[in-house]
Visitor: 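Before I ask anything, here is the structure I am working with.
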Amino acid sequence: MNGERAHRLSGRAGRALVRGLPFLWLALFFLVPFIVTLKISFSSPATAQPPYLPVLDWTSGPQGWREFFEALDFTNYEMLAYDSLYREAALSSLAYALAATAILVLIGTPLAHAMAQASARMQPLLVALVVVPFWTSFLIRIYAWIAILKPEGLLNAALLRLGLIGQPLNVLDTPLAVLIGLTYAYLPFMVLPLYAVMSRLDPSLPEAAADLGASRARTFFTVTVPLSLPGLVAGALLCFIPMVGEFIIPDLLGGSETLMLGRMLWTEFFSNRDWPLASAVAVTLLVLVVGPVVIFRNAEERREEALR
Amino acid sequence: MTRLNRLALALGLGFLYAPILVLVVYSFNASKLVTVWGGFSTRWYGVLFADAPLIASALVSLKVALVSAGIATVLGTLAALALDRHGRFRGRGAFTGLLYGPMVMPEVITGLSLLLLFVGIGVERGIATIVVAHATFATGFVAVVVGARLKGFDRSLEEAAADLGAPPWRVFAGVTLPLIAPSFAAGFLLAFTLSLDDLVIASFVSGPGATTLPMRLYSQVRLGVNPEINAASTLLIGAVSVVVLTASWLTGRRGGAAV
C-alpha cells in the first residue's frame, strides 16, 4: 500500500507543478505589470532614470513608504479628463470599434453561413483560407492597403479607368480608411467563432422552417441567426476589445487627424517620453474595454438563465 | 450551395486576398513606383538580400520566435492539462483569466505594462525581455490548441495504462504525450508566427541592439510604400502559408477550426 501512497503524493506534487508553473509565469508577467502600471499612472514625469517620480525604495522604512504614497496623485487622470483631445480620443476609439464591429457582423455572418453550408469536403479548405490571412503579418496586411487607397493608388486607378469618378478620391488618411483597415484585419476573428457555431447547428431546424413554408431569408433571420448568437457574441468581443486599443491601423491608414487611445498612448510614451501619462491612458483604456465586456457577459448569463 | 452563398464566399475571400495578391504581384514589379507596372523583375529580392540590417533583424526575430514559442508551448500545454484534468480547482476563474486575458488585451497595454515591470525590477532590455513578453501572450493560444486536442481524446487509453500499474508520470509520458504531440507542434508553430509578427509589444520591451523584423519594416513603412518591403512581405507570406498548411496537416481536419 506504500507504493500507492507514494503515487498519490507524487500525483499531487505533479498537479501542483502543472498548475503552478503557468500560473506563476502569467501572474508575474501579466498581472504584476498592471499593478506597476497603475502605480506609475499616479506618479509625475521626471527627467531622470527611470523617467518618473516618486520611485519606491523598499529599504526606506515606514517613513519613506509614507512619503512615497503621499507623493502619488491624480494629476494625470485630471489631465485626461479635462483635456478635450483625450476625451475625443476615448470617444472616437469606442466609436471606431463599435462601427467596425457592426460592419464585421454584417459581412461575417453571410460569409460564415456560406462556409457552414458548403460541402463537408470543402469546409476544411475554406477554414484554412480564412485562417491563412489571420496568421499573416498584421503589419504587412495593413501596409498592403496603403498602395490601394492612396490618391495615386490602385483603387483610384481602377475607378478612373472605369469612368466611375472624374478625379482621384481621397481615402487614405481618413476615418473611412481606418474602418476599412479594422474590418479587413479583424474579419477572421469574427468569421471563425461564428463558423464554429453555425457548422454545428442541427440542419433539421432550418429544414423544419422551410417545410412550414418560411422563405429562405425568413429561415435565415428567424432560425439560423438567433441560434448562432453565442458565436456572434464571441466574435464581436474578440474584435471589439483589441480594436479599441488598436495602434497600427490608425497610425498607418488614419493620417495625423485620427485620434485613438492606443495611438495617443504610443505617442506619449515614445515621442513625449511621459511614462506616467502613458500609464494613465493604459488604465483608462483598460477600464473602457473591460466595462462593455462585463456588461455583455452579465447580459449573456441572464439570457442563459432565462432560457434554462 | 445557393447562388447567394457562392457570392458571399467569393466576395469575402476576395476581400481577404485581394490586398495580399496586390502586394505579391507588385513585389515583382521592375518599376520603383509601386502603382505603375514596369514589367516583371526580381530586382527587389536582390536589394532585399543585400540589405544587411534587414537580414540582421530577421535573425533576431527568428531567435526570439524560436525561444519564446518553446517556452509558450511548455506553459500552454501545462495550462491546458490543468484546465482539462483538474476539474473545478480553487482559483480556476483567475487561472483562465490570466491565461486568456493576454490574447485579447490591446497590445499597447501589454507592452507598456511589461516594460514598466522590467524597468521597475532593473532588468536590462533586449532579446531576453522580448522573449519573455512573447511567451506570455502566446501561452493562451497554445493552451487553446492543445486543449482542443485533449478534449477530443479517448481517456480509456490512460485508464488502461493506470490499471496495468503504470505510475502517473509514465501514463503521461507513454500515453498522453504521444497522443497530444501533434497539437504541441501546431501550438508551437502558432506561437512562433505570433512572435514573428508582433510589432507593438516588441517595440515597448526591446532595448538598443535588439531590433526585430517587424520593427525594422515598420520604420520603413512609415516612410511610404517601397518595393523592397513588398518583396520582404511576399517572402514572409510564403513562409507563413507553409507553416499554416503544415500545422493544419499536423492537427488533422479538426485542428484548423481550433485556431
Side-chain angles (χ1 to χ4, degrees), chain A residues 7 10-11 14-15 18-19 21-23 25-27 29-34 36-37 40 50 110-111 114 117-118 124 127-129 131-133 135-141 143-148 152-154 157 187 196 238 241-242 244-245 247-248 252 262 265-266 269 278 282 285-286, chain B residues 1 5-6 8-9 12-13 15-17 19-20 22-23 26 34-35 75 78-79 81-82 86 89 95 98-99 101-102 104 106-109 112-114 116-117 119-120 132 136 139 167-169 193 197 199-200 214 217-218 221 225 229 233 236-237 240-241 243-245 248 253 256-257 259:
Chain A
H7 275 185
S10 78
R15 290 162 81 94
V18 166
R19 277 214 292 272
L21 210 57
F23 192 84
W25 178 286
L26 291 166
F29 295 119
F30 188 62
L31 189 63
V32 174
F34 283 136
V36 176
T37 307
I40 291 173
L111 182 57
Q117 298 276 301
V127 170
L129 280 174
V131 170
V132 169
W135 286 46
T136 308
S137 171
F138 197 91
L139 178 64
I140 289 172
R141 282 185 296 143
Y143 161 77
W145 279 98
I146 300 179
I148 297 175
E152 64 277 22
L154 294 166
L187 185 58
L238 229 50
I241 302 171
V244 177
F247 163 73
I248 297 177
L252 292 184
L265 191 160
W266 182 283
F269 182 82
L285 187 53
L286 194 64
Chain B
M1 211 194 295
N5 281 342
R6 231 173 278 219
L9 280 178
L13 293 175
F15 179 54
L16 280 176
Y17 281 91
I20 297 177
V22 166
L23 203 72
Y26 276 85
V34 187
T35 45
L75 293 173
L78 290 177
L81 280 169
H86 293 186
F89 58 85
F95 190 80
L98 278 179
L99 188 60
V104 286
E107 288 165 328
V108 285
I109 301 183
L112 175 71
S113 62
L114 261 172
L116 295 176
L117 173 80
V119 170
V132 168
T136 305
T139 294
W169 63 267
T193 45
D197 185 25
L199 163 73
V200 175
L217 288 176
Y218 174 68
V221 165
V225 184
I229 305 177
S233 310
L236 264 179
I237 292 167
V240 166
S241 308
V243 167
V244 174
L245 292 177
S248 57
R253 292 168 51 172
V259 181

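All chains are named by letter (A, B, ...) in the order of the sequence lines, taking the proteins before the strands, and each is independently numbered beginning at 1.
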Visitor: Below 4.5 Å from any heavy atom of chain B, which atoms of A/A278 appear? Answer side chain, backbone, both or neither.
Guide: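 It is both, since atoms from each part get that close.
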Visitor: Check each atom of A/F23 against the heavy atoms of chain B and say whether the ones under 4.5 Å are side chain, backbone, both or neither.
Guide: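 It is both, since atoms from each part get that close.
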Visitor: With sequence neighbours excluded, tell me which residues meet side chain to side chain donor-acceptor pair (under 3.5 Å) with B/S233.
Guide: none
Visitor: Do you know the tightest heavy-atom contact between B/T136 and A/L26?
Guide: O-CD2, 3.8 Å
Visitor: Heavy-atom distances under 4.5 Å only: say whether A/F247 touches chain B with side chain, backbone, both or neither.
Guide: side chain
Visitor: Let me know if B/L114 has heavy atoms under 4.5 Å from chain A in its side chain, its backbone, both or neither.
Guide: both
Visitor: Under a 4.5 Å cutoff for heavy-atom pairs, which residue among A/V32, A/I146, A/L129, A/L238 has the most contacts with chain B?
Guide: A/L129
Visitor: Is there a side chain to side chain contact (heavy atoms under 4.5 Å, CB included) between A/W25 and B/V132? Walk through the geometry before answering.
Guide: CA-CA 9 Å; A/W25 178 286; B/V132 168; 4.1 Å; yes
Visitor: With a 4.5 Å cut-off on heavy-atom pairs, point out which of A/P110, A/S137, A/P242 contacts chain B the most.
Guide: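 Top count of heavy-atom pairs under 4.5 Å with chain B: A/S137.
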Visitor: Between B/V108, B/L117, B/L98, who has the most heavy-atom pairs with chain A when the cutoff is under 4.5 Å?
Guide: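 Most pairs with chain A among the choices: B/L98.
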Visitor: Select, from A/I40, A/V244, A/I241, the one with the greatest count of heavy-atom pairs under 4.5 Å involving chain B.
Guide: A/I241
Visitor: List the atom of B/I109, the atom of A/L286, and the distance in Å for their closest heavy-atom pair.
Guide: CD1-N, 3.9 Å
Visitor: What is the distance from atom CD of A/Q117 to atom CG of B/L9, rounded to the nearest 0.5 Å?
Guide: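 Reported to 0.5 Å precision, the distance equals 10.0 Å.
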Visitor: Do the non-hydrogen side-chain atoms of A/T136 and B/L236 ever get within less than 4.5 Å of each other?
Guide: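 No; the side chains remain at least 4.5 Å from each other.
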Visitor: Any idea which heavy atoms bring A/G245 and B/P106 closest together, and the distance?
Guide: CA-CB, 3.8 Å
Visitor: Counting only non-hydrogen atoms closer than 4.5 Å, does A/L265 touch chain B with its backbone (N, CA, C, O), its side chain (CB onward), both, or neither?
Guide: side chain
Visitor: Please rank B/V200, B/L217, B/T139 by heavy-atom pairs under 4.5 Å with chain A and give me the top one.
Guide: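 Maximum pair count with chain A is reached by B/V200.
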Visitor: Taking side chain as everything from C-beta outward and backbone as N, CA, C, O, which of these in A/I140 sits under 4.5 Å from a heavy atom of chain B? Side chain, backbone, both or neither.
Guide: both
Visitor: Got B/I20 and A/V132 here, is their nearest side-chain heavy-atom distance under 4.5 Å?
Guide: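 Of all side-chain heavy-atom pairs linking A/V132 with B/I20, none is under 4.5 Å.
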Visitor: Measure distances from A/L139 to the heavy atoms of chain B and classify the residue's part below 4.5 Å as side chain, backbone, both or neither.
Guide: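 Both backbone and side chain.
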Visitor: Contact between B/P102 and A/F29 at the side-chain level, heavy atoms closer than 4.5 Å - yes or no?
Guide: no
Visitor: Is B/D197 reaching over with its side chain to a backbone N or O of A/F138, donor-acceptor style, under 3.5 angstrom?
Guide: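 Yes; at least one donor-acceptor contact below 3.5 Å.
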Visitor: What part of B/V22 gets closer than 4.5 Å to chain A, counting heavy atoms only: side chain, backbone, both or neither?
Guide: side chain
Visitor: Pick one of side chain, backbone, both or neither for B/T193, based on which atoms fall under 4.5 Å of a heavy atom in chain A.
Guide: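 Side chain of B/T193 only, per the 4.5 Å heavy-atom cut-off to chain A.
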Visitor: Taking side chain as C-beta onward, heavy atoms only, is A/L154 less than 4.5 Å from B/Y26?
Guide: yes
Visitor: With chain A as the partner, which of B/I229, B/L13, B/I237 has the greatest number of non-hydrogen pairs under 4.5 Å?
Guide: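 Highest number of pairs under 4.5 Å: B/I229.
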Visitor: Would you check if B/P19 and A/I148 make a side-chain contact, meaning some heavy-atom pair closer than 4.5 Å?
Guide: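 A side-chain contact exists here, since the closest heavy-atom pair is under 4.5 Å.
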Visitor: Out of B/G120, B/S113, B/A79, B/S241, which one racks up the most heavy-atom pairs below 4.5 Å with chain A?
Guide: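 Among B/G120, B/S113, B/A79, B/S241, the one with the most close pairs to chain A is B/S113.
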Visitor: Under 4.5 Å heavy-atom distance to chain B, tell me which part of A/L21 shows up: side chain, backbone, both or neither.
Guide: both
Visitor: Taking all atoms of both residues into account, what is the closest heavy-atom pair of A/P50 and B/V119, and its distance?
Guide: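 In this case the closest contact between A/P50 and B/V119 is CB-CG1, 3.6 Å.
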Visitor: Taking every heavy-atom pair that is under 4.5 Å apart, which of A/W145, A/F30, A/W266 has the most such pairs with chain B?
Guide: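 So the answer, after comparing A/W145, A/F30, A/W266, is A/F30.
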